[in-house]
Amino acid sequence: MIRFNNVHKWFKDLHVLNGIDLQVAQGEVVVVCGPSGSGKSTMIRTVNQLESINEGEIWVDGKNVADPKTDLNALRAEVGFVFQHFNLYPHLSVVDNITLSPIKVKGMDKAAADKQAVALLERVGLAHKKDAFPAQLSGGQQQRVAIARGLAMEPRVMLFDEPTSALDPEMIGEVLKVMKDLAESGMTMMVVTHEMGFAREVADRVVFIDHGKIVEQAPPEAFFKNPQHERAQQFLRQLLTPMS
Amino acid sequence: MRLTTRLLTTAVIASAFAAPAMAEGTLDKIKSSGVIVLGHRDASIPFSYLANDPSKPIGYSHDLQLKVVEAVKKQLKMPNLQVRYNLVTSQTRIPLVQNGTVDLECGSTTNNLERQKQVTFSVGIFEIGTRLMAAKTSGVKDFPDLKGKNVVTTAGTTSERLLKAMNAEKQMGMNIISAKDHGESFLMLESGRAVAFMMDDALLYGEMAKAKNPGNWVVTGKPQSFEIYGCMLRKEDPAFKKVVDDAIKATYKSGEINKIYSKWFMSPVPPKGLNLNFPMSDEFKELVAKPNDKSAEQM
Amino acid sequence: MNYNWDWNIFFKSTGIGSEIYLDWFISGLGWTIAVALVAWIAALAIGSVLGVMRTLPGKVLPAIATAYVELFRNVPLLVQLFMWYFVVPDYLPEATQIWFKQELNPATSAYISVVVCLALFTAARVCEQVRTGIQALPRGQSAAALAVGFSIGQTYRYVLLPQAFRVIIPPLTSEFLNIFKNSSVASLIGLMELLAQTKQTAEFSANIFEAFTLATVIYFVLNMSLMTLMNLIEKKVRIPGMMGGAK
Ligand SMILES: Nc1ncnc2c1ncn2[C@@H]1O[C@H](COP(=O)(O)OP(=O)(O)OP(=O)(O)O)[C@@H](O)[C@H]1O
Ligand SMILES: [Mg+2]
């Protein structure tokens, strides 16, 4: 479904992605973790070309996204993206946030789009908020709307960049629950997160990235029980005892 | 509507308070302050304008104004009377005379009935006819030739009023352009936007003298009105008015007026050394012979 | 001050046809509104395009928009007006020139010049407001829009501009008021808008204070109505739940 071939990216002198090779199969859930500044966000944003790359290839659903001939808008319509800060459109109601792109990009008619939006809102437990505006929702609610917005395009892949790290702790659970349901429905997912509980329970594989390189990838039990790489061990130690 | 009324009332009350006590006459005021304030224009060539010295006006009307100053000095026995200049525009000249800022304005102000409600005029100091300027080649000889044409005049002048009235009464179908000043009116004529420029003949000669090719233009047409310029002073001040009128009349009587006239209308004048070549009209000669302070419509 | 007040002056004959002075003010107000409103609509359209151009990726389009803003903001309005009225027409093809200068009613050709002038001048100012408004939005907004498959055009149309315009309603209001004030330059090329009619009334009637007082009142009422209108619009489009918004 997604394949990185020796991907490099520089921000001026900074070598953020240093030869990434990675494959994500159809229906697979891959969690990406790593220290701050290691390039996780950059990497996940290259999948739908919110960041361009300098070298290498990224294939998504059989299309090379770095190829200038690829229709990026069409590609992005098939790849849902959930941001750390939700990025809902503040001037639109919840339901309009969800229906805007199906109507404008896919040409869906309004009634059908509304119906779909209500169904999606039910799925994330927010049907009663359909006429609210983003500023009237809690962070957790906003993120669930953002997930529904991504799903409205019926994507083949969903990408998440730290979807819970801007949330108050009591709201993290509700968002993870939605993501877990989504994973169970068979969605292909790439998730940047430090929620190790989620990784353990839902992920098929954990990818550890450091200094723009994938230094370890393993099934969750193996990764958590017996990390091979020294940087991964250090990272997990810090994550589990944050006070030290 | 209530707001409007209130604003208007406020304006009236404010101006009432702003009014300095003008019970004393201008002569008393000049005597006690030791200063006479002269109102002048900046670009009424050759009547009152600034040329080389930005602090001191020159011009035909200004020379007559100085005659009045001499008379005031004599009358008040104040040989060292100070003169202060105050620049006025067509919008400020009346209020500045009324509120006591300016004691005497001599420029190119037409004496008319509307203005007589606000100020008093001296005896006439000049008389013009409102006529046309057009290109020699245009074929425009007189006002009837202007039917259906674009005609320019300067905003706020009597010519504008006459031209608009003529257009309405005789249904001439002219398009009348009201330009902001004489220079711009002439620009409209020169650039082909208008076939003729209606204005006071003296001013038309002034514009013609400034033109790139004065020979291309002609002042033509039967005067539609005569206008008498006068100096403005405050109303109900007979003592001052007498000094002003007498000074001007004396200049007329002695024949000195001819020297002043030819200095400004028949010789090169600053700043560019233009010669207006505008001989004294019969109408003005008559006024000089029998000076009076009536407006043209009262004559 | 021995000023001769006469508030009835507005109902007196101007001596031209059957017009009274009030007719002049009404016709002047009509021109003022016609100039300002049309120029404003054009300025808003052109300024928005330029404002968007200044925020686009790449070099050429932003540079063009920047150059435009520098040019039109820094040349005095009066100079621009004279360019549009006296200079530019001289560079038109001969036939168009004659049509514009001689065949067209002078009021119409002055109107066209002043509307073009004010629209282009104000567009530069609108451009800067629009640019600021767009740049004030969180960067995640355009990422979010692009991520669902919107083109750049759709991103601006549906996501960025609706938010940016809400942010800049107050500065746009003051530009809107400014264009009414600036419309008085029209009198300099002979278009009899409100200020020109006021001056003409003052000159002809010698009732200077009455004329300018009425003009002040008209401009004031006009300003207040426009501000009220803009406040209504601002309230109407206010986003529920956002700062100052009614829940
Ligand atoms: N637009 C940009 N321009 C220049 N440098 C950037 C840009 N975006 C990110 N970087 C830099 O690239 C590096 C990787 O950034 P990235 O956001 O991918 O890290 P991350 O792993 O997601 O970190 P975090 O856990 O803090 O979110 C950082 O050093 C960051 O400062
Ligand atoms: Mg990140």
Side-chain angles (χ1 to χ4, degrees), chain B residues 3-4 7-8 10-12 15-16 18-20 22 90-95 98-100 112-119 149-158 160-169 175-181 184-185 187-188 191-195 234-237, chain C residues 1-7 9 12 14-19 24 78 82 85-87 89-90 97-98 100-110 185-192 195-214 216-218 220-221 224:
Chain B
L3 184 64
T4 318
L7 273 170
L8 293 184
T10 314
V12 175
S15 52
M22 268 301 148
S90 47
Q91 267 107 50
T92 62
R93 57 191 169 184
I94 291 177
Q98 287 175 318
N99 73 9
N112 65 28
L113 292 176
E114 287 84 3
R115 289 178 183 154
Q116 284 178 19
K117 284 184 212 149
Q118 306 292 355
V119 291
K149 300 253 169 66
N150 292 354
V151 185
V152 65
T153 180
T154 304
T157 60
T158 315
E160 185 188 23
R161 183 199 304 228
L162 291 171
L163 199 57
K164 286 183 173 172
M166 182 193 304
N167 205 25
E169 275 157 32
N175 292 312
I176 296 165
I177 309 174
S178 303
K180 82 172 193 316
D181 56 34
E184 206 189 296
S185 293
L187 191 55
M188 298 266 188
S191 68
R193 285 168 191 267
V195 298
R234 274 177 289 284
K235 284 175 83 168
E236 281 144 34
D237 190 348
Chain C
M1 182 158 102
N2 37 16
Y3 185 84
N4 207 335
W5 290 94
D6 180 8
W7 290 108
I9 187 67
K12 290 188 177 160
T14 59
I16 294 170
S18 57
E19 285 171 308
W24 288 4
L78 262 183
F82 276 67
Y85 188 67
F86 284 116
V87 181
D90 284 358
Q97 218 181 102
I98 291 178
F100 188 77
K101 287 191 193 170
Q102 288 161 19
E103 289 167 18
L104 212 55
N105 186 308
T108 314
S109 69
V185 295
S187 66
L188 299 178
I189 55 169
L191 188 70
M192 298 304 286
L195 186 67
Q197 295 286 17
T198 305
K199 285 185 184 164
Q200 177 163 269
T201 302
E203 276 297 325
F204 281 18
S205 69
N207 290 98
I208 300 159
F209 289 143
E210 292 87 335
F212 280 94
T213 306
L214 179 60
T216 308
V217 171
I218 294 176
F220 179 77
V221 171
M224 293 312 274

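In what follows, chains carry the letters A, B, and so on, assigned in the order in which the sequence lines appear, proteins first and then strands, with residues in each chain numbered from 1.
- For the residue pair B:Arg193 and C:Pro89, the shortest heavy atom distance occurs at NH2-CG, 3.5 Å.
- With respect to chain C, the highest number of heavy-atom pairs below 4.5 Å among B:Lys235, B:Glu236, B:Glu184 belongs to B:Glu184.
- Looking at C:Phe82, the atoms closer than 4.5 Å to chain B (heavy atoms on both sides) all sit in the side chain, from C-beta outward.
- Here B:Arg161 does not pair with C:Glu19 in a salt bridge; the nearest charged N to carboxylate O distance is not below 4.0 Å.
- The shortest distance between side-chain heavy atoms of C:Pro106 and B:Met188 does not fall below 4.5 Å.
- Across B:Ser191 and C:Lys101, no two heavy atoms sit closer than the pair O-NZ, 3.3 Å.
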With side-chain contact (heavy atoms from CB on, under 4.5 Å) as the test, would you mind laying out the steps for B:Gln118 and C:Phe209 before giving the verdict? CA-CA 11 Å; B:Gln118 306 292 355; C:Phe209 289 143; over 6 Å; no
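- For C:Thr14, the part sitting under 4.5 Å from any heavy atom of chain B is the backbone (N, CA, C, O) and nothing else.
- Within the 3.5 Å criterion, the main-chain N or O of B:Gln91 finds no donor-acceptor partner in the side chain of C:Lys199.
- C:Gly15 and B:Ala165 get closest at one heavy-atom pair: O-CB, 3.9 Å.
- Separation of atoms CG (B:Asn112) and CD (C:Glu203) is listed at 9.5 Å; rounding is to 0.5 Å.
- The candidate with the highest count of non-hydrogen atom pairs below 4.5 Å against chain C, out of B:Asp181, B:Thr157, B:Leu113, B:Val152, is B:Thr157.
- For chain B, the nearby part of C:Ile208 is the side chain; its heavy atoms alone come within less than 4.5 Å.
- Of the residues considered (B:Lys117, B:Lys149, B:Glu160), B:Glu160 shows the highest number of contacts with chain C, using heavy-atom pairs under 4.5 Å.
- In terms of non-hydrogen atom pairs under 4.5 Å with chain C, the most contact-rich of B:Ile177, B:Asn167, B:Asn150 is B:Asn150.
- If you measure heavy-atom distances from B:Gln116 to chain C, you find no contacts under 4.5 Å at all.
- In this structure, CD1 on B:Ile94 lies 11.0 Å from CG on C:Asn4, to the nearest 0.5 angstrom.
- Interface remark: C:Leu104 contributes backbone atoms only to the contact with chain B (heavy atom separation under 4.5 Å).
- With a 4.5 Å cut-off on non-hydrogen atoms, B:Ser185 does not touch chain C at all.
- Between the side chain of C:Gln102 and the backbone N or O of B:Gly192, at least one donor-acceptor pair lies under 3.5 Å.
- For B:Ala168, the part lying near chain C is the side chain, with the backbone staying farther off; criterion is any non-hydrogen pair under 4.5 Å.
- Take C:Phe212 and apply the ring-ring contact (aromatic ring centres under 6.0 Å, His included) test, not counting sequence neighbours, and it matches no residue.
- Between B:Gly156 and C:Phe204, the closest heavy-atom pair is C-CE1, 3.7 Å.
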